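Here is the structure we will look at, set down as structure tokens.
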Amino acid sequence: MPLTPELIRRLPKAELHVHLDGCLRPATMIDLARAAKVDLPARDADALRRWMLVDDARDLEDYLTRFEITIALLQDPAAIERVAYEMVEDAKADGLRYLEVRYCPTLSTRHGLSVEDAVAAEWRGLQRGAHDFGVGVGIINTALRQHLPAASIDLARRSVALKHQGVVGFDIAGGEAGRPAADHAEAFRIAREGLLGITVHAGEAAGAGSVAQALFACGADRIGHGTRLVDDPALEAYVRDRRITLEINLTSNVQTRAVERASAHPLRGYLDRGLAVMLNSDSWLMSGTTCTNEYWLAHTALGCTRSEIDRMILDGFRGAFLPWPAKLALLATVRDELETLR
């Protein structure tokens with residue numbers, strides 16, 4: 001079959017790097033804003049979608065400012081549950097079979113909600129979605145670099161205690177420049193000893209040294225972005241040899257100026273040199289993309305073949321924070337479906 005966006009949409013995919021607060025539907029935002037008495041920059045869903053698309057950011061920090069609008073709408077359990085449920089519905093429409101949703105639940109505590117209640121609401125929505133749409137789900141709790149290390153430690157402890165509420169991983173995000181992940185090493189120690197999977201935003205707005213910190217100070221099992229890993233061939237080989245998955249985000253890397261254009265992204269070289277890579281949207285709303293669009297962009301801008309797309313899809317499932325027996329079963333099913341769709 002010739003590669004088309006529709007064929008890629010039909011391929012079974014995993015998405016491991018996508019933010020809850022970056023995936024609200026504009027129509028839902030309008031409903032939630034009305035209930036919470038929050039002003040939005042536009043009242044029409046199409047106009048709001050255009051406004052929320054970040055196509056004019058100067059850098060990562062500028063890109064992240066849009067999230068203040070969506071975070072203001074995630075201060076109520078019903079709102080969080082609705083957004084999580086709709087994410088799974090949208091994931092199903094995009095051909096996803098497994099979805100790990102990341103969010104900093106501390107951001108939902110501005111009006112008295114607890115971290116535990118925020119995570120419980122997210123998990124209710126994801127579970128309902130999993131039941132209704134047949135998409136596997138997990139939660140990654142995300143600390144923020146701009147917060148004090150003590151806040152990250154507190155969130156790590158709570159995250160370990162919330163494994164029964166679907167928390168499978170721990171992460172740190174936010175502006176990288178001048179905010180080393182190593183400052184939060186104790187939080188990652190707690191998360192690792194609590195048997196959570198570890199993924200770290202690194203190598204997006206800072207150099208390969210940021211990736212090294214993610215690996216050696218934080219114990220990362222996966223790297224979020226890893227765009228600048230290409231700057232250190234020895235470290236890149238280390239990541240390749242240990243099959244540490246890179247969560248690649250083509251569109252958002254262009255938007256945050258991590259790369260000048262999609263065709264200049266190091267993904268092509270990572271594939272050629274044998275790294276474990278998979279594609280993600282990062283944010284359906286702010287980046288105006290989907291997982292399907294990211295694989296199509298890899299094909300059109302970087303020449304990725306159908307075999308390479310299948311390889312990235314399988315690497316995505318291999319990198320998931322799933323129990324080994326469940327992962328093997330899912331991989332077998334996905335391999336069969338990919339072969340059927342050839």
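The model shown is predicted, which means the values in this text are computed figures rather than measured ones. The basis for the numbers below is simple: all heavy atoms, side chains too, and nothing from hydrogens, waters or symmetry mates.
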Under a 4.5 Å side-chain heavy-atom rule over Ile, Leu, Val, Met, Phe, Trp and Tyr, are [X] and [Y] clustered together?
X	Y	answer
Leu341	Phe317	yes
Leu24	Ile140	no
Val168	Leu331	no
Val277	Val254	no
Leu328	Leu314	no

Please tell me if the side chains of [X] and [Y] come closer than 4.5 Å, counting only heavy atoms from C-beta onward.
X	Y	answer
Leu267	Met312	yes
Ile223	Glu247	no
Trp123	Ile139	yes
Val160	Leu195	no
Gln146	Arg179	yes
Leu235	Leu215	yes
Ser287	Val54	no
Asn249	His17	yes

Nearest 0.5 Å please: distance from the [atom1] atom of [X] over to the [atom2] atom of [Y].
X	Y	atom1	atom2	answer
Leu302	Leu271	CG	CG	8.5 Å
Ile8	Asn293	CD1	CG	9.0 Å
Thr251	Asp55	OG1	CG	12.0 Å
Met52	Ile69	CE	CD1	4.5 Å
Leu246	Glu236	CG	CD	8.5 Å
Thr28	Leu73	OG1	CG	10.0 Å

Query raised in the report: Passes ring-ring contact (aromatic ring centres under 6.0 Å, His included), Tyr238 versus Phe216? Steps please.
Result: CA-CA 12 Å; Tyr238 177 94; Phe216 307 127; 5.2 Å; yes
Any luck finding a side-chain donor-acceptor pair between [X] and [Y] under 3.5 Å?
X	Y	value
Thr70	Asp21	no
Glu176	Ser210	yes
His184	His147	no
Tyr85	Asp132	yes
Asp310	Ser307	no
Asp94	Thr292	yes

Report task. Mind listing the closest non-hydrogen atom pair of Leu126 and Ala84 along with its distance? Result ->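 Smallest heavy-atom distance, with atoms named: CD2-O, 3.7 Å.
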Give a yes or no on whether the backbone of [Y] and the side-chain of [X] come within a donor-acceptor separation of less than 3.5 Å.
X	Y	result
Ser108	Leu74	yes
Lys37	Ala35	no
Asn280	Leu16	yes
Arg192	Cys218	yes
Thr305	Glu308	yes
Lys13	Tyr295	no
Thr333	Ala329	yes
His265	Leu250	no
Ser283	Met286	yes

Query - Under the ring pair (Phe, Tyr, Trp, His ring centres under 6.0 Å) test, residues paired with Trp296 that sit two or more places apart - result: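 Here the qualifying residues are His299.
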**Report entry** Residue pair Leu48, Ile30: steps toward the side chain to side chain contact (heavy atoms under 4.5 Å, CB included) verdict
**Finding:** CA-CA 9 Å; Leu48 184 58; Ile30 292 169; 4.0 Å; yes
Report task. Please report the C-alpha distance between Glu186 and Arg189 in whole Å, then the side-chain angles of each, then the deciding distance to 0.1 Å, and finally whether the salt bridge (Lys or Arg N to Asp or Glu O under 4.0 Å) criterion is met. Result -> CA-CA 5 Å; Glu186 176 63 13; Arg189 183 194 65 77; 2.5 Å; yes
Is the shortest distance from a Lys or Arg side-chain nitrogen in [X] or [Y] to a carboxylate oxygen in the other one below 4.0 Å?
X	Y	value
Glu6	Arg9	yes
Arg97	Glu15	no
Glu204	Arg145	no
Arg10	Glu337	no
Arg335	Glu339	no
Glu89	Arg25	yes

Report task. Carefully, step by step, assess Phe188 and Phe170 under the rule ring-ring contact (aromatic ring centres under 6.0 Å, His included). Result -> CA-CA 8 Å; Phe188 283 96; Phe170 191 74; 5.2 Å; yes
Query - From CA spacing to verdict: side chain to side chain contact (heavy atoms under 4.5 Å, CB included), Leu338, Arg306 - result: CA-CA 10 Å; Leu338 291 173; Arg306 171 63 198 274; 4.2 Å; yes
Query raised in the report: Does NZ or CZ of Arg222 come closer than 6.0 Å to the centre of the six-membered ring of Phe321, within 45° of the ring's axis?
Result: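 Ring-cation test returns yes.
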Requested in this report: Evaluate whether atom CZ of Arg43 has more than 12 neighbouring non-hydrogen atoms of other residues, nucleotides or ligands under 6.0 angstrom away.
Outcome: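 Counting other residues, nucleotides and ligands, CZ of Arg43 stays at 12 neighbours or fewer.
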Requested in this report: For Asp117 and Ser114, run side chain to side chain donor-acceptor pair (under 3.5 Å): C-alpha distance rounded to whole Å, both residues' side-chain angles, the deciding distance at 0.1 Å, then the answer.
Outcome: CA-CA 5 Å; Asp117 287 342; Ser114 69; 3.3 Å; yes
**Report entry** Intermediate values then yes/no, salt bridge (Lys or Arg N to Asp or Glu O under 4.0 Å), Arg257 and Asp62
**Finding:** CA-CA 10 Å; Arg257 315 300 181 191; Asp62 197 19; over 6 Å; no
Requested in this report: Starting from the C-alpha separation in whole Å, work towards a yes-or-no answer on salt bridge (Lys or Arg N to Asp or Glu O under 4.0 Å) for Asp154 and Arg157.
Outcome: CA-CA 5 Å; Asp154 179 66; Arg157 287 179 176 145; over 6 Å; no
Query raised in the report: For Val211 and Arg228, what are the C-alpha separation, side-chain angles and deciding distance, and is it a side chain to side chain contact (heavy atoms under 4.5 Å, CB included)?
Result: CA-CA 8 Å; Val211 178; Arg228 298 285 299 280; 5.8 Å; no
Query raised in the report: Asp171 and Thr199: side chain to side chain donor-acceptor pair (under 3.5 Å), yes or no, with the steps?
Result: CA-CA 5 Å; Asp171 174 34; Thr199 178; 4.8 Å; no
